[in-house]
> 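Here it is, the structure, as structure tokens.
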Amino acid sequence: MAVDSLEKKLDMLAAELVLLSVDDLPALACLHENFLQLANAGRQSHPEFARICRDCSLILEKIVLNEITDKVSQIEKVGDAISVLQKILRDNRGGSEIEQPVRSNITNAASPCENNAELDIPQDDDVDRVENGAPVRIAGNGTGNATETGTENAEDLTVNLQNSDSALLADFINEAREHCAVAEQKLMDIEAGADIEGAIHAIFRSFHTIKGAAGFLELKPILVLAHESETVLDLARKGSLTISGQIADTIFDAVDAMRSLLEGVETTLKQDGYFDGSSLTAPRLERLRKIIANPAQANMAGASSRVGDILIEMGAVSQREIDTALSKKDNPDEKLGETLVRQGLVPAKVVAHALREQQQTRSDKTPAAVKEMVKIDTDRLDRLVDTIGELVIAESMVGQDDEILNMASPKIARNISHLNKITRELQEMGMATRLVPVKPTFQKLARAVRDLTKKSGKEVELAIFGEETEVDRSIVENIGDPLMYMIRNAVDHGIETPEERVIAGKSRTGKITLRAYHKGGNIFFDIEDDGRGLNKEKILEKAKEKGLLDSERELSDKEIFGLILLPGFSTASKVTDLSGRGVGMDVVRKNVDAMRGHLEINSTPGKGALISMKLPLTLAIIDGMLVKVENESYIVPTLSIVESLRLSREMIKSVVGRGEMVDLRGDLLTLIRISELFGISYDPEDNRPQTAVVVEDGFRRVGLVVDELLGQRQTVIKNLGRTFRGQKWIAGGAILSNGNVGLILDVGGIINLAVEGDWRRDGGAEMKFLANERSRGAHLSKVKAPELLAQNQ
Amino acid sequence: MQEKRKHQDGGQGANAAVAARAGKYLTFRLAAEEYGLEILKVREIIGLMDITKVPRTPNHIRGVINLRGKVIPVLDLRTKFGMETTPDTEETCIIVVDVSAADNSLLMGILVDAVSEVLDIKGEEIEKSPEFGCDIDTSFILGIGKVKSSVKILLDIDRVLTSADLESAENIARETARETIAAGELRS
């Protein structure tokens, strides 16, 4: 920044400072921000100028955070500093001679405000040199003693949310959540070792933005937490701290706490009351401040080896030369570049070049190609997609109209085909707006694995494939919980402890593979682990013990693994904090069912398990078979259709008290007449051939008797609303090609309806049916189906 | 009189409450009577279209229609009010109303014989709903509008539609289902 503009900015600051009241938090925060900007702007050309600016901002920060009692005199100091700064700029355009007394005065003021004076270490490295020794390091005395008593216990971390601007706060909460997500992602990048510098900057910026906004909105706990986290990151940014292990944990923890705080504020906002964030904030603050007080040692080496890296890349030196140079360093404070030049290994010019490059990569903050994004209300988006759907229907109604088709005018035909093309394109675009990548969901899982691993003392490596796979927004919203549950299961029950693994002849580190991919119009999520696998005997034993299984029939592997999806089934012998709260996989199944998905479990004992989740591409579109019953038509989801068969009257056997059945390759299949079930009048004497659509809902298999199959349709599924909430046999409505509403049948609901004589709709019903089915199956295997029928006749 | 009023509206506020109901009403015909709906509740009026019957629902729920991509239920007000059903005519139409239910609002179509006009009814033209005795629930009537010697029954559509339909649709459906099955068993 040119000196002129610095001067101008400084004059503005001076004017603001004169008008400043010490209680005006937003203005203080603004000033603080401005000083930081000035410090950044002047960093290159006027190091001392920048230093003073930074100290001023520190003082202001302390005032904002209420860590200083004598605010007025501190503000006066800032005023003095401004005049010094002005003088620096006026006097010389290079910035060499500084009035020593004021300089140290400012530093004094800034340093004792910190809870621990050692915070100055990272900043003092070259200041000390400028000041020719005698480092100005003041322990918490003088102006600072008031601070000593003001420990965090005394900090008032309650927020008054009465009469607050809820719209503004809501915006802030949303934004802050995004920042949290960014911070978390970048933290993981750091742990993975990718673009550490950039990531630190990004996290710093996230916290900084949150801090700024929180200050403005007077959200004290968030402000303090963001501030301390920012300070830690600032240390990392300056290279005096390496983010790894404990420190990374602390920051992760701070991000989590931040989220909880945001949530707390959000909840409180609705009730218009006070929010006390101290319980959430205090422990994190303590840990963060501990780090700030004691930044890890030997970190300067990390920063200088970077120069070394660049030099190696430039071909100026070899790794070995760098190593020797590093070992020969007489003075630990000496920079690597200096050592190299002194030893005559590299010309000074090359080192300077490398340093410049290093500077450049540091300041290269923004990623190259950021797509411009607009936030849109999802309701609005849904409405847009709805309207496009209607347009498509209207278009086809016009296009297929007999009168228009009979006109045989090439002009109209051309226009209509043009219209058709546009609507199709529009439809595709509309659908695309609903698609989002699964990446954020997977990242959450990666984070979960990281935490779980630490907690459980196991070593787990998570491999993620296909995080760019795009799925419907509605699926992404619903997939998180089931995936998280399964991942927890895999870590907690699947993967063994390192010792066990070694004994079993596997590598210490367990591996969990998470895959997302498209296949045949469906999206698949696979979770594979190389742990101990599922124990068939244990599952069977448990199932019998819980009364889920009362037959002695042999079950196939798939059926056995399917048992763990039943409600109330959990094989974990001990309940841990991580998973196995006794809820079991049935929660996962319920979630997946709700998305019209399907779960399949495969496992080899000792080798691991693979859970595959098959989901439709979108919840908005259903692939269904249009069937006709008398004058009504319904849609049966293709996912639940097994096959369909032509029925003739001879095939149908009536079993007393059990309704109608059909012998399907030796198995008895219960028939459900849709017309009867739905009270549509029909003639029982009618001899028209009918069709049975064989459907299953995971466990039960029945035949739905319909008049005719009209063909497969892809239809947009619509919610019927709360009016029909009780109609469990209808999954929803679909807009048919003629614009009318078609009803989508819910196979599970229909079976419940038809099978249960007592109309119970509780969870136990399904189990009871299953038990019946099983015992009947056992019975049937002994007595062949035809014989049974013969007996009945 | 005094007592009745107390029962109805809680004493003194009665007149004020009735007066506050002054405003624009969409009037429609159902059998021989004229009814009124607060205009702010009315979203739109559409001609009769194909209504998809939803099985195992109470009789007065005609089914569902596709309102520009939104599926909304249609209620037959005649059946709901226990009048005899007549075949639909040219004039039969669906009034789409915004019903505010407990937590959110929902769109619902009501099938009426004919839509008449939009009337501006003044406060003094509205009388509170009559009392027929303790057994008869008139809570779904906002009041009676007397405009130029004709009488309009002003409906509180929220109450008409939510009182029984939305919550008890499930129960009624169960009843019908049980009957159907019973009939089926008899036959076999």
Side-chain angles (χ1 to χ4, degrees), chain A residues 382-394 629 631-634 654-660 673-680 684 716-730 732-736 738-743 745 750 753-754 756-761, chain B residues 46 49-75 80 97-110 161-162 164-188:
Chain A
D382 287 345
R383 244 164 45 219
L384 178 74
V385 175
D386 272 0
T387 319
I388 293 174
E390 284 301 294
L391 178 70
V392 173
I393 291 165
V629 182
N631 289 323
E632 312 282 335
S633 41
Y634 300 101
S654 293
V655 181
V656 180
R658 282 223 182 260
E660 292 172 316
R673 281 189 186 274
I674 294 289
S675 46
E676 190 180 297
L677 195 68
F678 284 175
I680 305 164
V716 179
I717 189 166
K718 302 279 175 177
N719 193 350
L720 286 189
R722 40 177 264 143
T723 322
F724 301 104
R725 209 164 35 185
Q727 269 64 23
K728 296 275 196 292
W729 43 94
I730 289 169
I735 313 292
L736 301 179
N738 61 2
N740 280 354
V741 184
L743 298 177
L745 302 183
I750 285 194
L753 190 67
E756 291 164 32
D758 54 353
W759 306 100
R760 279 192 306 143
R761 234 177 295 274
Chain B
I46 46 178
M49 58 200 296
D50 281 342
I51 302 176
T52 305
K53 242 188 102 52
V54 182
R56 310 176 77 96
T57 43
N59 275 339
H60 61 260
I61 295 193
R62 243 328 163 85
V64 286
I65 55 164
N66 169 21
L67 183 73
R68 290 186 302 281
K70 235 181 148 86
V71 176
I72 64 166
V74 177
L75 179 122
K80 170 78 188 165
V97 289
D98 221 335
V99 189
S100 33
D103 37 5
N104 50 355
S105 72
L106 83 161
L107 287 183
M108 200 164 197
I110 56 175
L161 297 182
T162 47
D165 305 301
L166 307 177
E167 272 73 24
S168 68
E170 192 177 347
N171 296 331
I172 299 168
R174 276 190 210 181
E175 289 296 320
T176 22
R178 201 168 290 154
E179 282 161 25
T180 340
I181 291 298
E185 273 168 4
L186 275 181
R187 200 166 42 234
S188 63

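Every chain is numbered from 1 and lettered A, B, ... according to where its sequence line falls, protein lines coming before strand lines.
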> Looking at B/Val54, B/Thr52, B/Ile72, B/Asn66, which makes the most heavy-atom pairs under 4.5 Å with chain A?
B/Asn66

> Report yes if some heavy atom in the side chain of A/Ile730 is under 4.5 Å from a heavy atom in the side chain of B/Pro55; otherwise report no.
yes

> Heavy-atom pairs under 4.5 Å with chain B - which of A/Leu743, A/Asp386, A/Val741 has more of them than the others?
A/Val741

> Drop me the distance from B/Lys70's NZ to A/Asp382's CG, to the nearest 0.5 angstrom.
9.5 Å

> List the atom of B/Arg68, the atom of A/Glu390, and the distance in Å for their closest heavy-atom pair.
C-CG, 3.2 Å

> Taking atom CD1 of B/Ile65 and atom CG of A/Asn740, what is their separation to the nearest 0.5 Å?
10.0 Å

